[in-house]
Protein chains: 2
Amino acid sequence: MTEKQQNILNSALRLFATEGVDSTSTSKIAKHAGVSEGLIFRHFTNKEGLLQAILENGREKSDAYFHSVMQVKDPKERLLMTLHLPFVIPSDEYDFWRLFYTLKWQRGPMEHEGMNLFRNSMKEAFEELGYTNPSAEAQLVEALIDGVATEVLLKEIYPKPLLDCILEKYKLK
Amino acid sequence: MTEKQQNILNSALRLFATEGVDSTSTSKIAKHAGVSEGLIFRHFTNKEGLLQAILENGREKSDAYFHSVMQVKDPKERLLMTLHLPFVIPSDEYDFWRLFYTLKWQRGPMEHEGMNLFRNSMKEAFEELGYTNPSAEAQLVEALIDGVATEVLLKEIYPKPLLDCILEKYKLK
DNA sequence: GTCTATACCAGGATAGAC
DNA sequence: GTCTATCCTGGTATAGAC
């Protein structure tokens with residue numbers, strides 16, 4: 001992976017995330033990356049290939065997240081960490097997550113294996129905690145995380161009070 | 001508003017919502033609507049004008065929603081209706097809401113006055129109900145609604161159990 | 001109000017030199 | 001690995017006839 005190759009990846013992610021994949025032209029990416037347009041195609045075959053390379057990158061990072069949460073054995077602790085997720089997104093990953101959420105609406109669910117494992121581990125946590133409907137609870141947590149992550153990624157928010165409200169709902173406070 | 005004009009609006013909404021604004025060409029819209037391409041520009045000036053017409057339409061409908069909820073005086077009842085919102089989206093408005101959420105990520109917040117009023121009415125409900133931090137609670141409800149609406153719009157879900165979980169968190173069950 | 005024809009440009013992609 | 005030059009398609013938009 002040369003420096004220019006990395007530049008292309010970075011620029012494309014930034015532009016895809018902020019302006020959308022379809023309205024970002026390859027020439028714009030090239031200019032932003034300080035690179036010739038042709039180079040993009042040399043390295044990534046086509047625009048779709050570039051997008052896939054970016055997604056592959058991000059998937060690895062996000063799986064690391066999920067993995068670290070799933071390793072926690074205590075269900076209460078695991079739920080707690082899960083609810084924290086939207087608030088601990090590293091700011092240098094904001095672009096990726098913006099892109100991720102955008103694509104959900106255009107290219108279907110963006111599912112990958114790591115996410116299914118995670119979903120299941122949430123369900124198990126609720127089972128162990130004796131909740132009445134663990135799988136609905138897991139679905140709710142997922143929706144909640146997505147909603148809160150959206151607020152975090154798109155608006156200025158004050159994390160502390162919001163987090164407090166959430167934890168109180170799950171009697172973790 | 002002639003029939004063909006309406007056809008254009010319907011087709012554009014469907015295509016914008018499912019494939020994205022930028023990757024939907026005017027010629028595709030024209031074919032889908034059974035109309036000449038030129039007609040689109042006669043009626044809506046340009047593609048952006050077409051999009052705006054669609055959004056204006058949807059805004060009116062959604063404001064009707066919000067308005068009906070805000071009229072409810074009892075705070076508990078109002079909160080209850082609010083939490084129901086994602087589950088009572090008429091299926092013929094799914095396209096609009098899909099488009100709405102997509103655009104949030106590309107063109108900023110999609111805010112309009114009706115939404116601010118609504119936000120405030122939620123905050124007031126939590127005040128009246130004696131919650132510690134009403135404005136954070138309102139923000140949480142908004143995130144929750146968005147997250148749940150996303151599930152409803154993008155996945156198959158079983159509304160009943162999910163709703164039960166939510167109501168239980170707010171002691172409405 | 002509506003269609004056909006067409007202008008014009010921008011975007012994705014390739015070829016070939018260095 | 002990288003750049004320059006270029007091709008070609010298809011997208012937005014306009015003009016003019018009916």
Side-chain angles (χ1 to χ4, degrees), chain A residues 1-58 95-96 98-100 102-103 105-108 110, chain B residues 1-58 95-96 98-100 102-103 105-108 110:
Chain A
M1 176 81 53
T2 71
E3 197 191 327
K4 299 220 163 186
Q5 209 163 344
Q6 192 57 55
N7 285 347
I8 294 171
L9 246 13
N10 294 148
S11 296
L13 173 54
R14 153 68 28 103
L15 292 168
F16 283 170
T18 51
E19 308 182 3
V21 174
D22 294 307
S23 50
T24 301
S25 65
T26 48
S27 86
K28 199 169 183 176
I29 297 169
K31 274 175 203 125
H32 191 278
V35 144
S36 75
E37 195 174 353
L39 195 60
I40 294 176
F41 294 92
R42 270 259 162 274
H43 284 312
F44 302 99
T45 315
N46 54 29
K47 201 179 162 179
E48 182 63 26
L50 175 54
L51 175 60
Q52 290 307 326
I54 288 171
L55 293 180
E56 185 49 38
N57 258 244
D95 278 336
F96 169 73
R98 277 192 251 262
L99 177 61
F100 176 92
T102 312
L103 291 179
W105 292 97
Q106 241 111 86
R107 318 208 167 191
M110 302 284 295
Chain B
M1 175 83 51
T2 71
E3 197 190 327
K4 300 219 164 189
Q5 208 163 345
Q6 193 57 56
N7 285 348
I8 294 171
L9 246 14
N10 295 149
S11 296
L13 174 54
R14 155 66 28 102
L15 292 169
F16 283 170
T18 50
E19 308 183 4
V21 175
D22 294 307
S23 51
T24 301
S25 66
T26 48
S27 86
K28 198 169 185 177
I29 297 169
K31 275 176 202 122
H32 192 277
V35 143
S36 74
E37 196 174 352
L39 194 60
I40 294 175
F41 294 93
R42 269 257 162 277
H43 284 311
F44 303 98
T45 315
N46 53 32
K47 200 178 161 180
E48 182 62 26
L50 175 54
L51 175 60
Q52 289 307 324
I54 289 172
L55 293 180
E56 185 49 37
N57 259 246
D95 278 338
F96 169 73
R98 277 191 252 260
L99 178 59
F100 176 91
T102 313
L103 291 180
W105 292 98
Q106 240 110 88
R107 317 207 167 194
M110 300 286 294

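Protein chains get the first letters and strands the later ones, always in sequence-line order, with residue 1 at the start of each.
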Distance in angstrom units between B/Lys28 NZ and D/dT12 P, rounded: 11 Å
A/His43 side chain near A/Lys4 side chain, heavy-atom distance below 4.5 Å: no
Paired and unpaired positions of DNA chain D as dot-bracket, Watson-Crick or G-U wobble under 3.5 Å, | denoting a partner strand: ||||||||||||||||||
Separation of B/Thr45 OG1 from B/Leu50 CG (nearest 0.5 Å): 10.0 Å
Shortest non-hydrogen separation from B/Ser36 to B/Ala30 and the atoms involved: C-CB, 4.0 Å
A/Lys31 NZ to D/dT4 P, straight-line distance once rounded to whole Å: 12 Å
Minimum heavy-atom distance B/Ala17-B/Asp95, with the two atoms named: CB-O, 3.2 Å
N/O (side chain, B/Ser25) to phosphate O (OP1/OP2, D/dG10) under 4.0 Å: no
Qualifying salt bridge (charged side-chain N to carboxylate O under 4.0 Å, His left out) pairs, either residue in residues 32-54 of chain B, two or more places apart: B/Glu48-B/Arg107
Distance, rounded to the nearest Å, where A/Ile8 contributes CD1 and C/dG12 contributes C1': 15 Å
Length of the CD1-C1' vector between A/Ile40 and C/dG12, whole Å: 10 Å
Nearest non-hydrogen partners of B/Phe41 and B/Thr26, listed with the distance: CZ-CG2, 3.7 Å
Flag side-chain contact, heavy atom, 4.5 Å: B/Thr18 against B/Thr24: no
Rounded interatomic separation in angstrom, taking CG from B/Asn46 and C1' from D/dT14: 12 Å
Residue pair B/Ile8 / B/Gln5, side-chain heavy-atom distance below 4.5 Å: no
Close N/O contacts between protein and nucleotides 2-9 of chain C (under 3.5 Å):
from	atom 1	to	atom 2	distance (Å)
C/dT2	OP2	B/Thr2	OG1	3.2
C/dT2	OP2	B/His43	NE2	3.0
C/dT2	O4	B/Arg42	NE	3.4
C/dC3	OP1	B/Lys4	NZ	3.2
C/dC3	OP2	B/Ser36	N	2.9
C/dC3	OP2	B/Ser36	OG	2.9

Integer-rounded Å distance: D/dG11 P and A/Asp22 CG: 11 Å
Rounded distance in Å - CG (B/Leu50) to C1' (D/dG11): 15 Å
Sugar-phosphate only, base, or nothing, as touched by A/Thr24 at under 4.0 Å among non-hydrogen atoms: sugar-phosphate
Shortest non-hydrogen contact from A/Thr102 toward B/Trp105: OG1-CB, 3.5 Å
Selection from C/dT14, C/dG11, D/dT12 that lies nearest to any side-chain heavy atom of B/Phe41: D/dT12
